[in-house]
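Working notes, structure below.
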Number of protein chains: 2
Amino acid sequence: MADKSISKRSRRGSGAITLKDVARLAGVAPITVSRALNSPAQVSKEVHSRVQEAIERTAYVPNRMAGGLASSRSRLIAAVVPSMVFSVFNETIEALNGTLFDAGYQLMLGLTGYSEEREALLLDSVIGRRPDGIFITGIMPPGRSRSRLIASGIPIVESWDLTPTPIDMLIGFSHQKIGRAVAQFLIKKGKRSFAIVTAGDERAQRRNTAFIDTVRALGLDEVAVHNVGDIRTLRAGRAALAALITSQPSIDAIFCSSDLLALGVITEARERKIKVPAQLSVMGFGDVPFVGDMIPALTTVHINGGKIGRLAALHLMASSQGNAVQQPIVNLGFTIVERESA
Amino acid sequence: MADKSISKRSRRGSGAITLKDVARLAGVAPITVSRALNSPAQVSKEVHSRVQEAIERTAYVPNRMAGGLASSRSRLIAAVVPSMVFSVFNETIEALNGTLFDAGYQLMLGLTGYSEEREALLLDSVIGRRPDGIFITGIMPPGRSRSRLIASGIPIVESWDLTPTPIDMLIGFSHQKIGRAVAQFLIKKGKRSFAIVTAGDERAQRRNTAFIDTVRALGLDEVAVHNVGDIRTLRAGRAALAALITSQPSIDAIFCSSDLLALGVITEARERKIKVPAQLSVMGFGDVPFVGDMIPALTTVHINGGKIGRLAALHLMASSQGNAVQQPIVNLGFTIVERESA
DNA sequence: TTGAAAGCGCTAACAA
DNA sequence: TTGTTAGCGCTTTCAA
């Protein structure tokens, strides 16, 4: 009956209070403490309060790594997002995090910086944590990453786009329809000479292509495209207008791939005393919180980012508990919010 | 020599490929695979390549929960932040995440929504994950949460503020000095009638108090204070100016607790044809990426958020590896960026 | 309602 | 350089 703590081998572990310590203090078996914590209904009132007291006195905090390993449930959800800084994904992440937290889950955040290489690395690292679910911004094209994701067996929510073949679940909207709708909106406003100010990412390109095709189908002038690549700043938006106005002075409407770029275009227009929307209509994408309260208020495409986050959290949690997916594809749609800038 | 997989007890676990499977395939002991993965230098070339091949063929992804449990190193860092949506903390988080990721760590994100109650809950939940480090926005006042944090033994970085008694490490700046510096800056510009537009959080209050004291010491008019509470929107900034201008038309300078509120004040000023800065100077706080490119360009207090994140990541990783903290308190300071609005 | 035993998938410690 | 053994701290399974 040697005391375990005086074993021959030197001590391992973190030295923190464990379930065992609490159990000893409460005079019960470790498993009873586990039950008092996880399914109190299975424990008698008397034992429960004794355990509670022991937990208080020791300031015990259960080790969720150990719990996760034993139960194959980590209560961790991972989110893979391109960027955080003033991005359209912020609301989604806040909503995701809030919904998860209220249910006892935690959020692991991964940022790809719009780089596919980084995304692949990140995904492997994420899978290694064995999260109960993974939220992905965008859809996973066939390839190594997609295969690994599927092989991992972890519930996946793809988002922010549409495809008939999601891995698991999908909450999104059609970028093609947005491009078309924006073009039609602008044309209906009487605009005839269009330009696009866009970042380099693939989803933006699909909006652009649809926009261009719609304009082209009507036999209007070619759409001038200014691509800012990875520089999604307000300043890039200003520079874009400066460049466009020189090369193609006839432009009377610009569709931007983000609200921030649109703000840049509007700012530069003001600098150049170009009247928005009288001389130039400007539209953004995202409907980020404050753009509706600026002067001129931005006309833009509204995406319900919060809802994407909440739905994703709910789906992921349900799915990890073995509940079948009700609706594998949810099309949240979008709305054009008409304000002053177009 | 019964096959383990035909044990009497029914199968547990996730069913995923494990170290053992890889080891069997490569014809080595499990620990050898572990070494090939974690310290390749300890393994012969020949064995290493056999292991690599087995890993490729099985698409094995190591279970980091198990690894973390066994080694008491989770390679997880937690960040506790008030908010994500268009917040001044975004850059810090991106930098934190980037630095961590490059070193093989992952970021766990916790959002408090500026609520202390939520923060306390979150902290317990975070400690349960046994992260190798915790990044906290702000400093931890004495109390239950602080005690638990200390008891956990996890390296902590407090930030975004200054105190002589951090738990562990501190990377921040003085809010009091900012309030004073902004007041002096505005006074030097010849402004005489001041107002503050502020959110309700405690750090903002400390900037405000210092600002007010500085003004008061010079015998100038009392500073009008408009508190927007938790509504940190551009719209709230607009409403604030509307209210202030009515109650105190003489105001010629406003200090806002965030850039977004400042943008709101400027927007409302434009609506009311109040010239900024000729009639009204406006200053913000944060120097969020795009405010320098707007019209008028915002004069504001610059905080090097990215540096806070990078330093915190470095400190946390070093500290979790047992390296003593070099500099427990780092005062990053701030700069007033003079642009057009003041 | 409570407990004993076994094991989740990995790594530290010791041994060869 | 490679392997054996014994856990890390918890939960599942089976038994009482």
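Model, not experiment: these values are computed from the prediction. Note: hydrogens, waters and symmetry copies are ignored here, and every other heavy atom, side chains too, is used. Throughout, protein chains are lettered first and strands after them, A, B, ... in sequence-line order, and every chain is numbered starting at 1.
- When distances run from any side-chain atom of B/Ser34 to the nucleotides C/dT11, D/dG9, C/dG9, the shortest one goes to C/dT11.
- Between the side chain of A/Arg130 and the base of C/dG9, no donor-acceptor pair of N or O atoms lies under 3.5 Å.
- When all heavy atoms of B/Met317 and B/Ala103 are compared, the pair lying nearest together is SD-CB, 3.5 Å.
- The 12-atom threshold is exceeded at CD of B/Glu46, counting heavy atoms of other residues, nucleotides or ligands nearer than 6.0 Å.
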**Request:** Determine, stepwise, if the pair A/Leu162 / A/Leu170 fulfils side chain to side chain contact (heavy atoms under 4.5 Å, CB included).
**Result:** CA-CA 7 Å; A/Leu162 244 34; A/Leu170 174 62; 4.3 Å; yes
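- Nucleotide D/dT11 holds its C1' atom 12 Å from the CZ atom of A/Arg73, rounded to whole Å.
- Mapping B/Leu69 and B/Ile31 onto DNA chain C via the closest heavy atom, the residue that lands nearer the 5' end is B/Leu69.
- Rounded to an integer number of Å, the gap from CZ of A/Arg35 to P of C/dT1 is 10 Å.
- The distance between atom CE of B/Met65 and atom C1' of C/dT11, rounded to the nearest whole Å, is 16 Å.
- The distance between atom CG of B/Asn38 and atom C1' of D/dT2, rounded to the nearest whole Å, is 16 Å.
- Taking atom CD of B/Gln42 as the reference point, atom P of C/dA12 lies 10 Å away to the nearest angstrom.
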**Message:** Using the rule given for side chain to side chain contact (heavy atoms under 4.5 Å, CB included), can you reason through A/Asp168 versus A/Leu149, listing the C-alpha separation, both sets of side-chain angles and the distance that settles it, and then say yes or no?
**Reply:** CA-CA 10 Å; A/Asp168 220 30; A/Leu149 241 21; over 6 Å; no
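- Not a single donor-acceptor contact under 3.5 angstrom links the side-chain atoms of A/Arg64 to the base of D/dG9.
- Here the side chain of A/Thr32 is nearest to one of D/dG3, C/dG9, C/dG3, namely C/dG3.
- Checking D/dG9, C/dA4, D/dT2 against every side-chain atom of A/Ala29, the shortest atom distance belongs to C/dA4.
- Residue-level contact check: B/Ser72 touches neither bases nor backbone, having no heavy atom under 4.0 Å from any strand.
- No more than 12 heavy atoms of other residues, nucleotides or ligands shown are found within 6.0 angstrom of CD on B/Glu117.
- Among the protein residues, A/Pro62 comes within range of the sugar-phosphate backbone only, with heavy atoms under 4.0 Å from sugar or phosphate atoms but none that close to a base.
- Nearer the 5' end of DNA chain D, as judged by each residue's closest nucleotide, is the contact made by B/Ser44, out of B/Ser44 and B/Ser71.
- Between A/Lys20 atom NZ and D/dT11 atom P the separation is 14 Å, expressed in whole Å.
- In this model, the phosphate group of C/dG9 is approached by a side-chain N or O of B/Ser14 to a distance below 4.0 Å at OP1 or OP2.
- The listed nucleotides are D/dC10, C/dG9, C/dA4; the one nearest the side chain of A/Thr18 is D/dC10.
- Atom pair B/Arg129:CZ and D/dC10:P shows a separation of 13 Å (rounding to whole Å applied).
- For A/Arg50 and C/dG3, the CZ to P distance is 8 Å, given to the nearest whole Å.
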